[in-house]
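This report concerns only the one structure given below.
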Amino acid sequence: MRVDIITVLPELLESPFSHSMMKRAKDRGLLEIYTHNLRDHTPYKQGQVDDYQFGGGAGMVMMPEPLAILLDKLKEDRAYDEVIYMTPDGPLFTQKTANTLSLRENIIIICGHYKGIDDRIRQHYVTMEISIGDYVLSGGELAAAVVVDSVGRLLPGVLNDETSALFDSFQDGLLAPPVYTRPADFRGWKIPDILLCGDPKKIDDWRYEQSVKRTKERRPGLMD
Ligand code: 6GU
């Protein structure tokens with residue numbers, strides 16, 4: 001999968017993809033990430049990429065031209081399956097969205113800043129919008145990192161048996177069960193006996209019960 005990220009703060013996107021699973025995905029050639037500094041593509045002087053909004057009001061808006069120039073350039077070189085705009089007024093990102101995106105070949109992600117991007121870019125280029133939650137971030141970069149991380153780990157060959165996504169919370173509409181590691185008795189806090197019984201079927205049943213219990217208690221909406 002190839003991901004092209006358009007940003008005014010490429011530095012913000014360096015670290016998130018340089019460790020752990022994302023590093024593994026890149027090293028194995030399963031995930032290619034290219035960040036593009038929008039300022040390098042503006043026709044305006046001094047790297048200007050934003051301007052006051054028509055109609056008045058506080059806050060700057062990202063101008064259409066630098067975005068269009070860069071988007072056209074990218075689309076000249078290959079076909080993209082989605083042009084995604086990260087925005088708090090988009091549809092909420094879920095595991096289902098991550099699963100769907102993990103099947104795409106090439107995607108572009110636009111990170112907004114200030115008051116957002118000129119709406120004509122949303123109308124004429126953007127094919128999908130994503131918000132990662134009902135709160136406002138100062139830019140789309142951290143949200144883009146969240147999306148790329150959750151999609152990247154789903155690419156075949158990134159996870160192994162031990163980290164398999166099949167047992168993730170949300171993958172079957174349920175939260176994950178509690179987990180424990182050594183020691184079995186820590187400060188007198190003991191792990192559930194059943195985990196030591198040695199019967200995989202009993203343990204699976206217990207984990208499933210725990211998943212259902214947790215989901216009912218914490219996120220009843222997921223069960224509908
Ligand atoms: Cl995608 N962008 C920004 N700026 N804020 C957000 C968001 C995105 N998702 C939730 N809050």
Side-chain angles (χ1 to χ4, degrees), residues 1-18 21-22 25 31-42 47-55 57-68 70-71 74 80-104 106-155 168-170 175 218-219 221-222:
M1 177 180 206
R2 175 183 171 122
V3 184
D4 288 88
I5 307 180
I6 301 177
T7 171
V8 290
L9 283 173
E11 298 85 359
L12 256 186
L13 290 164
E14 274 163 29
S15 178
F17 307 130
S18 304
M21 294 299 170
M22 293 306 100
L31 179 63
E32 288 174 88
I33 300 170
Y34 298 90
T35 55
H36 305 272
N37 190 340
L38 190 59
R39 292 189 200 287
D40 296 340
H41 301 272
T42 183
Q48 187 188 358
V49 292
D50 60 337
D51 210 335
Y52 296 101
Q53 53 178 317
F54 280 120
M60 308 292 272
V61 174
M62 288 168 72
M63 294 186 288
E65 198 168 1
L67 284 165
L70 178 51
L71 287 163
L74 289 170
Y80 285 92
D81 305 300
E82 299 287 359
V83 176
I84 300 169
Y85 174 45
M86 303 305 305
T87 177
D89 60 13
L92 283 182
F93 187 62
T94 63
Q95 189 62 44
K96 195 169 162 221
T97 327
N99 292 345
T100 305
L101 282 177
S102 73
L103 302 172
R104 302 288 179 256
N106 303 315
I107 63 172
I108 293 174
I109 301 181
I110 303 171
C111 302
H113 260 266
Y114 324 111
K115 281 273 166 196
I117 64 174
D118 187 288
D119 212 73
R120 288 166 291 186
I121 294 295
R122 294 173 79 159
Q123 291 164 28
H124 296 284
Y125 283 93
V126 170
T127 61
M128 179 179 191
E129 300 187 329
I130 293 177
S131 162
I132 63 161
D134 289 337
Y135 42 81
V136 177
L137 302 168
S138 47
E141 284 77 10
L142 296 179
V146 166
V147 168
V148 173
D149 185 294
S150 68
V151 171
R153 63 191 288 284
L154 296 175
L155 299 174
D168 285 346
S169 277
F170 304 112
L175 301 182
R218 299 171 183 209
R219 300 291 303 278
L222 289 177

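Atoms within each ligand, like the ligands themselves, are counted from 1 in listed order. The structure displayed is predicted, hence computed values, not measured ones.
Between Val136 and ligand 1, not a single N/O pair is under 3.5 Å apart. For ligand 1, the polar-atom distance check finds no N/O of Ala143 at less than 3.5 Å from any of the ligand's N/O atoms. Residue contacts with ligand 1: Tyr135 is placed with a nitrogen or oxygen under 3.5 Å of a nitrogen or oxygen of the ligand (distance criterion only).
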Determine whether Leu31 and Phe17 satisfy the following criterion, side-chain contact (heavy atoms from CB on, under 4.5 Å), listing intermediate values before the conclusion.
CA-CA 10 Å; Leu31 179 63; Phe17 307 130; 5.9 Å; no
Stepwise side chain to side chain donor-acceptor pair (under 3.5 Å) check, Thr87 with Glu129:
CA-CA 7 Å; Thr87 177; Glu129 300 187 329; 5.9 Å; no
Is there a side chain to side chain donor-acceptor pair (under 3.5 Å) between Ser15 and Ser18? Walk through the geometry before answering.
CA-CA 5 Å; Ser15 178; Ser18 304; 5.8 Å; no
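In this model, a donor atom of one side chain and an acceptor atom of the other lie less than 3.5 Å apart for Thr127 and Glu82.
The one candidate from Ile109, Leu74, Ile117 that meets the side chain to side chain contact (heavy atoms under 4.5 Å, CB included) condition with Ile6 is Leu74.
Within ligand 1, the atoms closer than 4.0 Å to a non-hydrogen atom of Met86 are 1 (Cl), numbered from 1 in the order shown. For ligand 1 and Ile130, the ligand atoms under 4.0 Å from any heavy atom of the residue are 1 (Cl). Here is the list of ligand 1 atoms found below 4.0 Å of a heavy atom in Ile132: 9 (N), 10 (C).
For atom 10 (C) of ligand 1, the closest heavy atom belonging to the protein is Gly133 O, 3.1 Å. Of all protein heavy atoms, the one lying nearest to atom 3 (C) of ligand 1 is Pro88 CD, 3.4 Å. Distance from atom 5 (N) of ligand 1 to its nearest protein heavy atom, with residue and atom name: Leu137 N, 3.0 Å.
In this structure, the separation between CG on Leu67 and CD1 on Ile121 is 5.0 Å, given to the nearest 0.5 Å.
Contact check for Val148 versus Met1: no side-chain heavy atoms found under the 4.5 Å cut-off.
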